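Comments concern the structure below.
Quantities reported herein were computed from a predicted structural model and do not represent experimental measurements.
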Amino acid sequence: EGGSKESGANIQLYTFNSTYAQFFKFEKAQSVYSVALDPNGGKCSETSKSLIFGSACGDLPTPTRTNYTFKGWFTAKTGGTQITTATVIDTPSLKTLYAQWLIKPSGLTPEDMGSHFKAKICNKTTEGYLQNEGWNVAAYAGTFETDQMWTFDKQSDGSYVITSSLDGNRLTVYNQEDADCSSVIVSGDPIDKYQKWFIYKTDKGYILRPSYSERVMDLKGGKYDAGTDIQLYTFSDGENQYFNIIQEKTVIGDCNGDGELSVADAVMLQKWILAVKGAELTDWQAADLCEDGVINTFDLVIMKRMLINK
């Protein structure tokens, strides 16, 4: 009214005269609504979040959960679409955001695979087998050579020391590091926490974790090429972090590890019992024919009977 620019000026009808008082603009009203925050087994400092339809979501709280790593906020408890600070909210049907979690391997129960056995370690997806290259450890196509065979010995804490059949050296974390991309090598150093591996069985395969770290065994760079190095990396649930452990069938009585029971095994066992210098059992468990955890003359007697009856 009157072309006034003052606050509170009345609105009226007037003959169009093309002046500023007759031109208007429309501003879309902001639609603000609230969504619930479901920590999905965790704990969160906030229970809801105000969102503006058509605008980016903005900051979201970080919940916590013992033995789990927070993956992010999603539109469903499993699956769904991840909502980040930059996600533009374009549907008013969104009512709840759900926290999703990735379990830490240390939160799983270690697998008891037996006290002593031989096996090959193979990446579940690439079928690349861990191979002792003399110091470095890398993944290659499967062979029947000793550089891809490993002996597992269970420790009192439930972990395993994994020894190469090639040279007797053990899987070890290089430089005793706890960092992404730390190399896994073979070493003859005295057994310590850098040579102890917890094994976890999952639907996707086995996870191997050194006893001192939350990181796990991993194909370097997620590559699937022959010769890809083995390293440690933060657990991400990636295919490059799951392995098969293919146990070798033990021949009963084969204490020299040549794949068969023969007189040579009886000679070796007798020398070992008599403490002859240099006499060592390649596989003591194969010689425990009484299955009492002790190697003695009773086992030797049974072995001789087995040879006579062959």
Side-chain angles (χ1 to χ4, degrees), residues 109-122 129-132 137 143-172 185-201 206 208-212 243-310:
T109 300
E111 184 74 3
D112 183 356
M113 303 186 70
S115 60
H116 174 87
F117 62 92
K118 289 184 178 180
K120 292 184 176 182
I121 306 171
C122 170
Y129 289 77
L130 266 64
Q131 182 169 311
N132 177 358
V137 178
T143 68
F144 295 97
E145 303 299 326
T146 55
D147 55 5
Q148 291 186 353
M149 186 62 67
W150 305 88
T151 299
F152 291 66
D153 288 294
K154 189 176 180 181
Q155 307 300 295
S156 59
D157 61 358
S159 65
Y160 284 86
V161 170
I162 305 174
T163 305
S164 172
S165 296
L166 178 67
D167 54 17
N169 289 328
R170 295 173 286 274
L171 278 182
T172 307
I185 63 169
V186 287
S187 170
D189 292 343
I191 295 174
D192 55 25
K193 63 183 180 180
Y194 306 104
Q195 297 181 333
K196 294 182 178 182
W197 298 83
F198 285 106
I199 300 172
Y200 305 97
K201 186 177 182 180
Y206 289 100
L208 289 89
R209 177 182 71 87
S211 62
Y212 72 97
F243 296 83
N244 281 331
I245 297 177
I246 306 168
Q247 293 195 35
E248 181 183 57
K249 293 183 179 179
T250 301
V251 177
I252 298 175
D254 178 27
C255 58
N256 67 0
D258 64 357
E260 63 177 357
L261 172 62
S262 66
V263 174
D265 295 296
V267 172
M268 174 179 282
L269 180 56
Q270 182 169 314
K271 287 182 177 180
W272 186 86
I273 292 173
L274 294 174
V276 174
K277 186 176 181 179
E280 294 185 4
L281 301 179
T282 302
D283 188 350
W284 69 267
Q285 202 167 37
D288 183 19
L289 302 177
C290 293
E291 298 183 352
D292 57 1
V294 178
I295 307 298
N296 53 32
T297 55
F298 293 107
D299 298 296
L300 181 59
V301 170
I302 295 175
M303 182 179 290
K304 289 181 177 180
R305 288 177 180 172
M306 291 172 64
L307 288 169
I308 292 171
N309 293 329
K310 282 188 69 175

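Remark: V267 pairs with V263, K271 by the side-chain contact (heavy atoms from CB on, under 4.5 Å) rule, at least two apart or across chains. A search for side-chain contact (heavy atoms from CB on, under 4.5 Å) contacts involving S115 returns Q285, not counting sequence neighbours. In terms of the ring-ring contact (aromatic ring centres under 6.0 Å, His included) criterion, Y200 has no residue partners (sequence neighbours excluded). Partners of Y206 according to the ring-ring contact (aromatic ring centres under 6.0 Å, His included) rule, which considers only residues two or more places apart in sequence or in another chain, do not exist here. When the ring-ring contact (aromatic ring centres under 6.0 Å, His included) test is applied to F298, no partner is found at least two apart in sequence or on another chain.
The aromatic rings of F117 and F152 sit parallel, their planes meeting at an angle under 30°, below the 60° perpendicular limit.
Screening N169, T172, T163 against Q195 for a side-chain hydrogen bond (donor to acceptor under 3.5 Å, both in side chains) leaves a single residue, T172.
Residues W197 and P210 meet the side-chain proximity criterion, which asks for heavy atoms closer than 4.5 Å.
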**Item:** V186 and L166: CA distance, side-chain angles, deciding distance, side chain to side chain contact (heavy atoms under 4.5 Å, CB included) verdict
**Value:** CA-CA 10 Å; V186 287; L166 178 67; over 6 Å; no
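Between N132 and D167, the side chains place a donor N or O and an acceptor N or O closer than 3.5 Å (distance only, hydrogens not considered).
The salt bridge (charged side-chain N to carboxylate O under 4.0 Å, His left out) analysis of residues 109-121, with sequence neighbours excluded, yields the pairs D112-K154.
Shown here is E260, whose CD atom has more than 12 heavy atoms of other residues, nucleotides or ligands within 6.0 Å.
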